[in-house]
Amino acid sequence: LVEDFGGYGPPQDLWSGEYIPGGPLVRTLNRLARQGDDERFRQLFTFFAWSALAAYVDFWNRTGRQHEIAEPDMTNVIVPSHDYQTGARIVSLAAVREHRGLVPMLEFFRETLIEAAERAHPSLAGLVGWDGLFAPLLEIVGEDEGTRLLREVLHKEGDEPQDEFRSALKAFLAGIETRGFVPMRLHFAITRYRRWAALSADPTPQARARTLQEFWDTYGLARVARSYPETRARFFLETVFRGAPAPLVLGLEAIVLALRRRTIEGDALIDAITD
């Protein structure tokens, strides 16, 4: 009766609901656990957690930061099955609660999603720390706004985050300050390349170049670069130039910083790369 949104007709006692393809995260984790590939299971969980948490943060953000999902668990979210896909979806918005602050929200997400997954699958324990909850926040609201909100937590009275939370937050913000935020698509493109390189037997420069281009396209990094202009330089720095001689690394890090600040472009960028 209704293509996109569910409804109810009291006179006819009829209801309609949208069919959402795919299974909830709890079913996806159970299926992967049964396959017995523990390494792949652990690798994908970090992506699943980031995607699911970003969906719940997005709901909070879209409500004017006034409400949040009251049941942000593994049964209420559908995530893509591959780390180059996007589009996590919340299954039900029926249970909603008032927003009580950023710290309580993140702690609630950790308890109901991350810790629940760890209890169900002990091999996942410790994979997603507090930084795994801070990153989805920046993914949704942006690096500048996200860091502003997190810095306020350190100086705001009333929330009283635990020492573990505060220490992790300070370390996370220090990393953002020195190297910038690495968005989800770029993070997993880098991780995927490193796995490929580790499994390849001394790949040629041509093979590396083809793989870089393939991952650039597959993970949609051109779209990421619109918001994060340092994306390409960061991608190269964290992959083919990882472990390069110090002068080269320092030069590339300076270029990444200049691109982040949007103080270099065009011919100046070409000159900097040449140098």
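- Between the side chain of S227 and the backbone N or O of V224 there is no donor-acceptor pair closer than 3.5 Å.
- For the ring pair (Phe, Tyr, Trp, His ring centres under 6.0 Å) with F188, the qualifying choice from F48, W50, Y219 is W50, the only one to do so.
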- [ ] Would you please test H121 and F41 for ring-ring contact (aromatic ring centres under 6.0 Å, His included) and show each step?
- [x] CA-CA 10 Å; H121 305 282; F41 185 34; 5.3 Å; yes
Open item on the list: Please evaluate residues Y193 and R242 with respect to the criterion side chain to side chain contact (heavy atoms under 4.5 Å, CB included), reporting the C-alpha separation (whole Å), side-chain torsions for both, the decisive distance (0.1 Å), and the verdict.
Closed with: CA-CA 11 Å; Y193 179 90; R242 187 185 185 204; over 6 Å; no
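- A single hydrophobic cluster is not seen to contain both I264 and I270; linkage of ILVMFWY side chains at heavy-atom distances under 4.5 Å, directly or through other members, places them apart.
- The 12-atom threshold is exceeded at CG of D275, counting heavy atoms of other residues, nucleotides or ligands nearer than 6.0 Å.
- Cluster membership for L259 and I273, using ILVMFWY side-chain heavy atoms within less than 4.5 angstrom, is shared.
- Taking all atoms of both residues into account, the shortest heavy-atom contact from A52 to L113 is CB-CD2, 3.9 Å.
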TODO: Could you give me the CA-CA distance, side-chain angles and deciding distance for R234 and Y228, then say whether side chain to side chain donor-acceptor pair (under 3.5 Å) is met?
DONE: CA-CA 10 Å; R234 172 68 68 189; Y228 297 90; over 6 Å; no
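- In this structure, the side chains of P183 and E139 come closer than 4.5 Å at one or more pairs of heavy atoms.
- Using a 4.5 Å heavy-atom cutoff, the side chains of V141 and R65 are in contact.
- Looking at E238 and R194, a side-chain N of the basic residue comes within less than 4.0 Å of a carboxylate O on the acidic one, giving a salt bridge.
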Task: Worked check of side chain to side chain contact (heavy atoms under 4.5 Å, CB included) between M184 and F47 - done: CA-CA 8 Å; M184 182 172 67; F47 166 71; 4.2 Å; yes
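- For the pairing with H99, the ring pair (Phe, Tyr, Trp, His ring centres under 6.0 Å) check across W60, F59, Y56 returns one residue only, W60.
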Open item on the list: What verdict does the side chain to side chain contact (heavy atoms under 4.5 Å, CB included) test give for L102 and L137, after you've listed the backbone C-alpha separation in whole Å, the side-chain angles of each residue and the deciding distance to 0.1 Å?
Closed with: CA-CA 10 Å; L102 188 60; L137 174 68; 4.0 Å; yes
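- At least one donor-acceptor pair closer than 3.5 Å links the side chain of R42 to the backbone N or O of S123.
- Taking 4.0 Å as the cut-off between side-chain N and carboxylate O, R148 and E145 count as a salt-bridged pair.
- Looking at every heavy atom in both residues, A117 comes nearest to L29 through CB-CD1, 4.3 Å.
- In terms of heavy atoms, I114 sits closest to A49 at CD1-CB, 3.8 Å.
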- [ ] Before giving the answer on side chain to side chain contact (heavy atoms under 4.5 Å, CB included), spell out for R179 and L237 the whole-Å C-alpha distance, their side-chain angles and the decisive distance to 0.1 Å.
- [x] CA-CA 12 Å; R179 67 191 296 266; L237 176 60; over 6 Å; no
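- Looking only at distances, a side-chain donor or acceptor of D73 sits under 3.5 Å from a matching main-chain atom of N76.
- Between W130 and E107 the shortest side-chain heavy-atom distance falls below 4.5 Å.
- In this structure, R151 pairs ionically with E177, as a charged nitrogen and a carboxylate oxygen lie closer than 4.0 Å.
- Counting non-hydrogen atoms of other residues, nucleotides and ligands closer than 6.0 Å to CZ of R27 gives a total of 12 or fewer.
- Counting non-hydrogen atoms of neighbouring residues, nucleotides and ligands closer than 6.0 angstrom, the CD atom of Q35 exceeds 12 such neighbours.
- Counting only heavy atoms from C-beta outward, the side chains of L106 and F134 approach each other to under 4.5 Å.
- You'll find the side chain of W196 reaches within 4.5 Å of the side chain of P203, heavy atoms only.
- A side-chain hydrogen bond (donor to acceptor under 3.5 Å, both in side chains) with R97 is found for one member of H67, E68, E71 and no other, namely E68.
- Considering only heavy atoms from C-beta on, L133 comes within 4.5 Å of F109 through its side chain.
- Between L138 and F172, the closest side-chain pair of non-hydrogen atoms falls below 4.5 Å.
- The heavy-atom pair separating S92 from I69 by the smallest distance is O-CD1, 4.2 Å.
- A cation-pi arrangement is absent between R110 and F165, since the terminal nitrogen or guanidinium carbon is not both under 6.0 Å from the aromatic centre and inside a 45° cone about the axis.
- Scanning both residues, T231 and A225, for their nearest heavy atoms gives OG1-CA, 3.6 Å.
- For the pair I190 and F235, the minimum side-chain heavy-atom distance is below 4.5 Å.
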